[in-house]
Amino acid sequence: MRDIFATLEFLKTQIKARNEFQKVNLTQALGCILYEDVFVKKDLPAFNNSALDGYALNYTHKNKLLEIKGSILAGDKNDYIIEKNECYKIMTGAKIPQNANTILMFEEALLEDEKLNAKNAKENNAIRFKGEEVKLGELLFKKGEKITSGMIAMLAAQGIYELNVVKKLRVGIFSSGDELVEPWENADEYSIYNANAFGIYAILQDCAKVEYLGLLKDDLSVYKKLLDNQEFDMLISSGGASVGEADFAMQALIECGFNPIFEKVNAKLCKHVKLFSKNDMLFLALPGNPLASLISTHIFAKNILNLLYGVDLLEFNKAKLTNELKFKGQRNDFVFGELIDGYFKPSEVKFGSGMIKPLCENTHICITKIDDTKLAKDQEVKVLKI
């Protein structure tokens with residue numbers, strides 16, 4: 001039985017990238033993954049321009065009274081030339097006139113007899129030079145990068161409105177168990193609200209096209225009908241991963257021709273996670289207990305999607321421990337806590353697999369190695385954002 005880290009490395013050999021793309025525009029691109037490299041199409045800035053409202057002048061003339069030749073507004077495409085002892089009023093974003101090499105802001109300007117006294121001017125001030133941010137032909141973004149809001153702004157600044165991204169995968173989520181009711185229904189004293197599916201949905205909604213398929217009753221024929229659905233790249237179940245008498249998922253998987261990729265993990269919370277495959281479809285069975293189910297989603301579901309998209313496994317942050325921790329060893333253990341200024345502060349609250357509050361009260365988890373029995377104060381550890 002592999003631990004978490006060995007299982008993830010094993011998955012890299014078992015899951016092949018789908019390598020399918022789709023064209024989207026910038027209003028649809030947030031969270032998508034670039035299918036190909038993107039190169040700079042236009043220098044940014046595209047021309048030398050002013051970073052503020054003020055006067056454009058030649059610094060060597062600063063100790064003379066300068067004649068104000070006129071005003072240059074943003075969007076004015078005309079060419080202007082500064083001769084000896086001349087200057088121009090200039091607005092933010094406007095084109096710098098020839099021979100100008102600095103800008104004096106209005107607030108620091110002195111006027112004498114309708115001329116500019118530029119004694120407060122600073123050399124090379126407030127000019128945004130052509131291509132100082134990005135230059136024509138440079139690599140702008142790499143294939144496999146996840147598109148952020150800042151990247152969208154940069155793409156727009158390049159005049160790139162449509163681009164090829166990795167085609168979003170379709171993920172179907174369902175929960176099982178006759179004891180469950182939906183959050184919009186009334187639960188009696190002995191029923192449980194279905195929290196897991198909506199937590200899983202929230203974790204994955206930026207990673208894929210996620211569809212909630214509802215509650216499945218503990219019935220073999222219902223499971224088999226669902227598994228015959230070829231619309232999804234991956235199905236995720238919450239519950240039905242154990243060996244209880246009423247858990248029909250495993251029997252249905254076998255009868256429908258699914259093959260196991262892994263069936264157990266040597267880790268607290270994740271022990272009963274299972275992954276099966278049939279042709280191009282994956283089935284991820286998660287535990288029914290909320291904390292176990294949602295932590296397993298962060299660790300396995302998100303990484304499986306990354307591999308299907310052809311990108312690297314999730315990165316761990318490096319941090320130093322604020323205090324010593326002890327463990328029994330022989331498996332992966334979890335420590336919940338917060339990452340603050342490069343330090344991981346473990347929570348002192350005990351947790352169980354059936355809880356939800358640890359996910360609300362903490363930002364990261366530290367996952368131990370199976371041979372860890374003690375982690376020292378100030379020791380460097382790897383933590384995963386949740």
Side-chain angles (χ1 to χ4, degrees), residues 24-27 29-30 32 34 36-165 341-342:
V24 298
N25 64 47
L26 293 185
T27 65
L30 184 65
C32 294
L34 284 173
E36 55 199 1
D37 292 339
V38 177
F39 294 88
V40 177
K41 295 175 62 177
K42 184 177 184 179
D43 289 323
L44 190 63
F47 53 89
N48 296 347
N49 68 85
S50 177
L52 48 79
D53 296 339
Y55 293 90
L57 61 128
N58 189 300
Y59 185 74
T60 61
H61 304 158
K62 65 171 287 189
N63 294 320
K64 302 290 185 180
L65 290 178
L66 306 179
E67 181 181 355
I68 302 170
K69 295 291 292 181
S71 297
I72 307 175
L73 304 179
D76 188 339
K77 298 179 182 179
N78 293 313
D79 291 324
Y80 296 93
I81 302 175
I82 287 181
E83 304 292 353
K84 186 175 181 180
N85 298 335
E86 292 180 346
C87 69
Y88 277 89
K89 282 185 179 180
I90 193 166
M91 302 302 129
T92 301
K95 184 179 175 183
I96 299 293
Q98 293 182 41
N99 299 329
N101 57 17
T102 194
I103 308 294
L104 174 66
M105 69 171 61
F106 286 143
E107 293 86 344
E108 295 181 353
L110 302 172
L111 296 178
E112 297 180 18
D113 298 327
E114 298 184 348
K115 292 187 176 183
L116 175 67
N117 180 337
K119 68 178 184 179
N120 293 325
K122 301 178 181 66
E123 193 170 6
N124 300 321
N125 184 58
I127 294 179
R128 297 186 289 220
F129 291 99
K130 177 180 178 179
E132 70 177 13
E133 190 167 4
V134 294
K135 289 183 171 60
L136 178 67
E138 289 180 343
L139 178 63
L140 185 63
F141 301 120
K142 290 182 179 180
K143 174 182 178 179
E145 286 191 65
K146 189 172 184 179
I147 299 174
T148 65
S149 57
M151 290 169 67
I152 287 175
M154 178 62 81
L155 291 164
Q158 289 293 302
I160 299 172
Y161 181 65
E162 292 185 325
L163 65 162
N164 291 329
V165 299
D341 297 329

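Note that the structure is a prediction, hence the values are computed from the model and not measured. Just so it is clear, the values below take in all heavy atoms, side chains as well, and ignore hydrogens, waters and symmetry mates.
- One finds the CG atom of Leu26 at 12.0 Å from the OG atom of Ser149 (value rounded to the nearest 0.5 Å).
- In this structure a side-chain-to-backbone donor-acceptor pair under 3.5 Å is present from Gln158 to Lys41.
- Lys122 pairs by the salt bridge (Lys or Arg N to Asp or Glu O under 4.0 Å) definition with Glu108, not counting sequence neighbours.
- Applying the ring-ring contact (aromatic ring centres under 6.0 Å, His included) test to every pair with at least one member in residues 72-96, sequence neighbours left out, gives these pairs: Tyr80-Tyr88.
- For the salt bridge (Lys or Arg N to Asp or Glu O under 4.0 Å) condition, no pair includes a residue of residues 140-150, sequence neighbours left out.
- The environment of Asn78 atom CG is dense: over 12 non-hydrogen atoms of other residues, nucleotides or ligands sit within 6.0 angstrom.
- The nearest pair of heavy atoms linking Ile147 to Leu30 is O-CD1, 3.7 Å.
- Interatomic distance, NZ of Lys69 versus CD of Glu83, reported as 8.0 Å (0.5 Å rounding).
- Put simply, the side chain of Phe39 reaches to within 4.5 Å of the side chain of Leu139, judged on heavy atoms.
- Across all their heavy atoms, Asn164 and Glu36 have their closest contact at ND2-OE2, 3.1 Å.
- Heavy-atom minimum distance, Ala109 versus Leu116: CB-CD1, 3.7 Å.
- The CG atom of Leu104 sits 9.0 Å away from the NZ atom of Lys62 when rounded to the nearest 0.5 Å.
- Taking every heavy atom of both residues into account, His61 and Asn85 meet most closely at ND1-N, 3.4 Å.
- Rounding to the nearest 0.5 Å gives a distance of 9.0 Å between CG of Leu163 and CG of Asn25.
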Listing, residues 42-50 side-chain donor-acceptor contacts under 3.5 Å, not counting sequence neighbours, or none:
from	atom 1	to	atom 2	distance (Å)
Asp43	OD1	Leu136	N	2.8
Asn48	OD1	Lys130	N	2.7
Asn49	OD1	Arg128	NE	2.8
Asn49	OD1	Arg128	NH2	2.9
Asn49	ND2	Phe47	O	3.1
Ser50	OG	Leu52	N	3.2
Ser50	OG	Leu52	O	2.5

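- Nearest heavy atom pair, residue Leu66 against residue Leu57, reads CD1-CB, 3.9 Å.
- The shortest non-hydrogen separation linking Thr102 to Asn124 is OG1-N, 3.6 Å.
- Listed by first and then second residue, the ring-ring contact (aromatic ring centres under 6.0 Å, His included) pairs involving residues 101-146 are Tyr55-Phe106 (not counting sequence neighbours).
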Donor-acceptor pairs under 3.5 Å, side chain of residues 91-101 to any protein atom, not counting sequence neighbours: which ones?
from	atom 1	to	atom 2	distance (Å)
Thr92	OG1	Asp53	N	3.2
Thr92	OG1	Asp53	OD1	2.9
Lys95	NZ	Asp79	OD1	2.4
Asn99	ND2	Ile82	O	2.9
Asn101	OD1	Tyr59	N	2.7

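- Put simply, NZ on Lys89 and CG on Leu73 are 10.5 Å apart, with the number rounded to the nearest 0.5 Å.
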